[in-house]
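Heavy-atom basis, side chains included; hydrogens, waters and symmetry copies ignored.
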Amino acid sequence: MTSVTSPLAGTAIGLAAVPDPVFSGAMVGPGTAIDPVREPAEAVSPVDGVVVSLHPHAYVVVDGEGHGVLTHLGIDTVQLNGEGFELLVNKGDTVTRGQAVIRWNPAAVEAAGKSPICPVVALEATADALTNVVEAGALKAGDALFGWQ
């Protein structure tokens with residue numbers, strides 16, 4: 001079983017509360033979402049693995065069991081064209097849980113008119129494959145978000 005931890009500090013809100021139908025409807029996959037603390041932060045890897053996809057606003061890390069975890073920094077943030085995001089690793093890098101991947105500022109995202117809400121999604125998973133999904137409460141980076149069987 002893979003343990004997926006929070007890439008950010010903030011408040012767990014669950015996928016249903018994400019202001020985007022693709023995420024709130026779990027079309028990308030099951031998981032949860034985080035309303036991040038509004039201060040400059042480093043989004044960290046939620047698992048040990050390899051960075052298989054890396055964009056300023058989102059990244060996917062695949063663990064040794066083949067589980068891909070998407071961390072999406074804000075909603076519609078692709079429209080910011082990378083402004084306000086700093087990549088700290090490269091695609092193909094092996095990362096450890098808690099290692100910084102992207103530096104960003106949720107307050108700046110919000111000031112630009114985008115939602116800073118961050119979905120954390122288990123790609124190519126079914127909802128019943130996840131256990132102990134956290135959908136409420138305060139989180140620190142590294143706190144448990146869900147288990148993946």
Side-chain angles (χ1 to χ4, degrees), residues 1-78 80 84-89 93-111 114-149:
M1 172 138 98
T2 296
S3 173
V4 177
T5 56
S6 182
L8 301 158
T11 303
I13 60 168
L15 277 186
V18 175
D20 179 295
V22 173
F23 287 112
S24 64
M27 291 180 227
V28 179
T32 190
I34 302 159
D35 187 358
V37 173
R38 302 299 194 273
E39 58 189 33
E42 292 177 345
V44 303
S45 181
V47 293
D48 292 338
V50 176
V51 179
V52 298
S53 179
L54 181 65
H55 303 278
H57 63 281
Y59 55 96
V60 175
V61 179
V62 174
D63 73 2
E65 296 179 41
H67 294 137
V69 180
L70 167 68
T71 300
H72 203 284
L73 302 176
I75 302 300
D76 294 330
T77 44
V78 65
L80 299 176
F85 297 86
E86 180 187 353
L87 302 180
L88 303 175
V89 299
D93 284 0
T94 297
V95 293
T96 56
R97 179 189 316 275
Q99 181 176 340
V101 176
I102 297 174
R103 187 174 293 122
W104 74 306
N105 185 342
V109 165
E110 201 165 46
K114 308 298 177 195
S115 169
I117 300 298
C118 297
V120 181
V121 176
L123 298 175
E124 299 178 22
T126 57
D128 59 1
L130 303 190
T131 59
N132 302 316
V133 179
V134 177
E135 296 188 332
L139 292 167
K140 296 186 302 287
D143 285 353
L145 277 186
F146 53 85
W148 187 350
Q149 302 186 42

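- Under the 3.5 Å distance criterion, the side-chain polar atoms of Tyr59 are matched with a main-chain donor or acceptor of Val44.
- Of all the heavy atoms in Ile34 and Pro7, the pair that sits closest is CD1-CD, 3.8 Å.
- Listed for the Asp48 side chain is a donor-acceptor partner under 3.5 Å among the backbone atoms of Arg97.
- Note that CE of Met27 and CG of Leu15 are 11.5 Å apart. Values are rounded to the nearest 0.5 Å.
- When every heavy atom of Ser115 is checked against every heavy atom of Pro19, the shortest pair comes out as OG-CG, 3.6 Å.
- Rounded to the nearest 0.5 Å, atoms OG1 (Thr77) and CH2 (Trp104) are 7.5 Å apart.
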Exercise for the section: Report the C-alpha distance between Val28 and Val22 in whole Å, list the side-chain angles of each, state the deciding distance to 0.1 Å, and finish with yes or no for side-chain contact (heavy atoms from CB on, under 4.5 Å). Expected result: CA-CA 7 Å; Val28 179; Val22 173; 3.3 Å; yes

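- In this structure, Asp63 contributes its side chain and Glu65 its backbone to a donor-acceptor pair below 3.5 Å.
- Nearest heavy atom pair, residue Leu139 against residue Ala144, reads CD2-O, 4.3 Å.
- Atom NE2 of His57 sits about 12.0 Å away from atom OG1 of Thr71, to the nearest 0.5 Å.
- Here CZ of Phe146 is found 9.5 Å from OG1 of Thr5. Values are rounded to the nearest 0.5 Å.
- The closest donor-acceptor contact from the side chain of Thr32 to the backbone of Val133 lies at 3.5 Å or more, if one exists at all.
- Nearest heavy atom pair, residue Val18 against residue Ser24, reads O-CB, 3.4 Å.
- Summarising the local packing, CD of Glu124 is surrounded by 12 or fewer heavy atoms from other residues, nucleotides or ligands at distances under 6.0 Å.
- Taking CZ of Arg103 as the reference point, atom CG of Leu88 lies at 5.0 Å (rounded to 0.5 Å).
- Ile117 and Ala33 get closest at one heavy-atom pair: CG2-CB, 4.1 Å.
- Here the side chain of Arg38 pairs no donor or acceptor atom with the backbone of Glu110 at under 3.5 angstrom.
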Practice task
In sequence, state the C-alpha distance, the side-chain angles, and the governing distance for Val69 and Trp148, and then conclude on side-chain contact (heavy atoms from CB on, under 4.5 Å).
Solution key: CA-CA 10 Å; Val69 180; Trp148 187 350; 4.0 Å; yes

Problem - side-chain contact (heavy atoms from CB on, under 4.5 Å) between Ile102 and Leu54, intermediate numbers included - result: CA-CA 9 Å; Ile102 297 174; Leu54 181 65; 4.2 Å; yes

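- Shortest non-hydrogen contact noted between Cys118 and Gly74 is SG-N, 3.7 Å.
- Taking 4.5 Å as the limit, some side-chain heavy atom of Val89 sits within range of a side-chain heavy atom of Gln99.
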Practice task
Take Leu73 and Leu8, measure what side-chain contact (heavy atoms from CB on, under 4.5 Å) needs, and give me the verdict at the end.
Solution key: CA-CA 10 Å; Leu73 302 176; Leu8 301 158; 4.1 Å; yes

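- Annotation: side chain of His72 is not in contact with side chain of Val121 (no heavy-atom distance under 4.5 Å).
- Between the CG atom in Asp143 and the OG atom in Ser6 there is a gap of 6.5 Å [rounded to 0.5 Å].
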